[in-house]
Student: 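I am attaching a structure below and will ask some questions about it afterwards.
In what follows, residues are counted from 1 in the order of the sequence shown. Any value given below was found using the heavy atoms of this structure, including those in side chains, with hydrogens, waters and symmetry copies removed.
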Amino acid sequence: MVYTYKECIEKYKTNYEIRKLLANGSLVRVRRGVYSDNDHEAELAIISKAHPDAVFTLNSAFYYHGLTDTIPKSYYLLTDKNYTKIKDKRITQFFDNNDSLEIGVETKVHNGTEIRIFNRERMIVELIRNKSKFSFDYYKEIIANYRKLIYELDIQAIQEYASQLPKTRLVLDTLQLEVF
């Protein structure tokens with residue numbers, strides 16, 4: 001299991017105990033501030049613990065929600081505009097300049113790892129807002145999958161998210177034309 005330094009202190013009580021466990025191999029330092037009691041951990045678990053305030057978005061969120069079968073080339077994270085630049089080559093970081101980071105965030109378990117991710121309603125708004133960043137085929141695949149589950153979505157939440165984020169008119173018009 002993966003732990004933050006704070007979780008290690010809560011579990012093992014002192015820094016001395018943590019150093020002792022690190023020395024005898026019972027605990028492994030995966031990266032700065034992230035520890036594990038296993039030799040091998042999933043990248044997703046490590047990234048989720050290393051950046052607990054970040055939210056999985058765009059390609060990562062589409063994949064984790066089952067809207068595409070295309071595995072993303074990197075982990076797409078949205079962070080607050082004041083968050084430190086992430087220097088991990090496996091991560092594509094976006095900064096939230098609209099104070100909208102917590103809109104539509106949910107906790108989801110993917111392959112045994114708990115992650116912070118935007119819900120499907122927020123992601124359809126993000127898909128339309130960022131349409132130009134995607135290939136035509138990728139965009140159409142995700143839109144087609146949204147059409148299949150349209151009756152499962154909270155339409156009122158989608159409209160609220162669209163009104164709270166930039167490009168409101170574009171999002172609402174595109175939803176009418178391409179999804180509903």
Student: With a 4.5 Å cut-off on side-chain heavy atoms, are I142 and F134 touching?
Tutor: no
Student: Output the distance between atom CD1 (I91) and atom CD (Q93), rounded to the nearest 0.5 Å.
Tutor: 8.0 Å
Student: Are L44 and I46 joined in one hydrophobic group, where the rule is that I, L, V, M, F, W and Y side chains link up if heavy atoms are under 4.5 Å apart?
Tutor: no
Student: Give every donor-acceptor pair under 3.5 Å between a side-chain atom in residues 100-111 and any protein atom, sequence neighbours left out.
Tutor:
unit_1: S100; atom_1: OG; unit_2: D96; atom_2: OD1; d: 3.0
unit_1: E102; atom_1: OE1; unit_2: R116; atom_2: NH1; d: 3.4
unit_1: E102; atom_1: OE2; unit_2: R116; atom_2: NH2; d: 2.9

Student: One thing to verify: whether E126 and K131 come together as a salt bridge, which I'm taking to mean a side-chain N less than 4.0 angstrom from a carboxylate O.
Tutor: no
Student: For E114 and S48, test the side chains for any donor-to-acceptor distance below 3.5 angstrom and give the result as yes or no.
Tutor: no
Student: Indicate yes or no: at least one non-hydrogen side-chain atom of L153 is less than 4.5 angstrom from one of R120.
Tutor: yes
Student: Could you go through the side-chain contact (heavy atoms from CB on, under 4.5 Å) check for E121 and Y161 one step at a time?
Tutor: CA-CA 8 Å; E121 288 80 6; Y161 299 157; 3.7 Å; yes
Student: Taking the side chain as every heavy atom from C-beta outward, state whether V30 and V2 have any atom pair closer than 4.5 Å.
Tutor: no
Student: Would a 4.5 Å heavy-atom cut-off, applied to side chains only, mark Q176 and D173 as touching?
Tutor: no
Student: Evaluate the side-chain proximity of I124 to I158: yes if any heavy-atom separation is below 4.5 Å, no if none is.
Tutor: yes
Student: Answer with yes or no whether the side chains of E41 and N38 bring together a donor and an acceptor at under 3.5 Å.
Tutor: yes
Student: Do L78 and I117 belong to the same hydrophobic cluster, where Ile, Leu, Val, Met, Phe, Trp and Tyr are linked whenever their side-chain heavy atoms lie under 4.5 Å apart, directly or via other members?
Tutor: no
Student: Among pairs that include at least one residue of residues 51-65, which meet side-chain hydrogen bond (donor to acceptor under 3.5 Å, both in side chains), considering only residues two or more places apart or in two chains?
Tutor: H51-Y83
Student: Report the C-alpha distance between E178 and I128 in whole Å, list the side-chain angles of each, state the deciding distance to 0.1 Å, and finish with yes or no for side-chain contact (heavy atoms from CB on, under 4.5 Å).
Tutor: CA-CA 10 Å; E178 296 185 22; I128 295 167; over 6 Å; no
Student: Is the CZ atom of F136 crowded by more than 12 outside heavy atoms at less than 6.0 Å?
Tutor: no
Student: Any side-chain donor-acceptor pair under 3.5 Å between E10 and Y5?
Tutor: no
Student: Report the distance from atom CG of D80 to atom CZ of F95, rounding to the nearest 0.5 Å.
Tutor: 9.5 Å
Student: Is a donor from one side chain sitting under 3.5 angstrom from an acceptor on the other, for N130 and Y139?
Tutor: no
Student: Inspect the contact between R31 and D88 and indicate whether a charged nitrogen and a carboxylate oxygen are less than 4.0 angstrom apart.
Tutor: yes
Student: For the atom pair CD (E17) and OG1 (T14), what is the distance rounded to the nearest 0.5 Å?
Tutor: 4.5 Å
Student: If you count heavy atoms of other groups shown closer than 6.0 angstrom to CG of L177, is the number above 12?
Tutor: yes
Student: Would you tell me whether S26 and N24 have side-chain atoms, one donor and one acceptor, within less than 3.5 Å of each other?
Tutor: yes
Student: Quick one: do S74 and T92 satisfy side-chain hydrogen bond (donor to acceptor under 3.5 Å, both in side chains)? Show the steps, please.
Tutor: CA-CA 6 Å; S74 64; T92 302; 2.6 Å; yes
Student: Parallel, tilted or perpendicular: which one describes the rings of Y76 and F94, with boundaries at 30° and 60°?
Tutor: parallel
Student: Do the non-hydrogen side-chain atoms of Q159 and Q164 ever get within less than 4.5 Å of each other?
Tutor: no
Student: Considering only heavy atoms from C-beta outward, does the side chain of M123 approach that of Y146 to under 4.5 Å?
Tutor: yes
Student: Think R122 forms a cation-pi with F118, using NZ or CZ under 6.0 Å from the six-ring centre and within 45 degrees of its axis?
Tutor: yes
Student: Locate the shortest heavy-atom distance separating T68 from N145; write the atom from each residue and the value.
Tutor: N-ND2, 4.3 Å
Student: Using a 4.5 Å cut-off on heavy atoms from C-beta on, say whether the side chain of Y35 contacts that of L21.
Tutor: no
Student: In Å, rounded to the nearest 0.5 Å, how long is the span from CG of L77 to CD1 of I47?
Tutor: 7.0 Å
Student: Report the distance from atom OG1 of T113 to atom CD of E43, rounding to the nearest 0.5 Å.
Tutor: 11.0 Å
Student: Nearest 0.5 angstrom please: S163 OG to R169 CZ, how far?
Tutor: 11.0 Å
Student: Charged N to carboxylate O below 4.0 Å: is that the case for K11 and E7?
Tutor: no
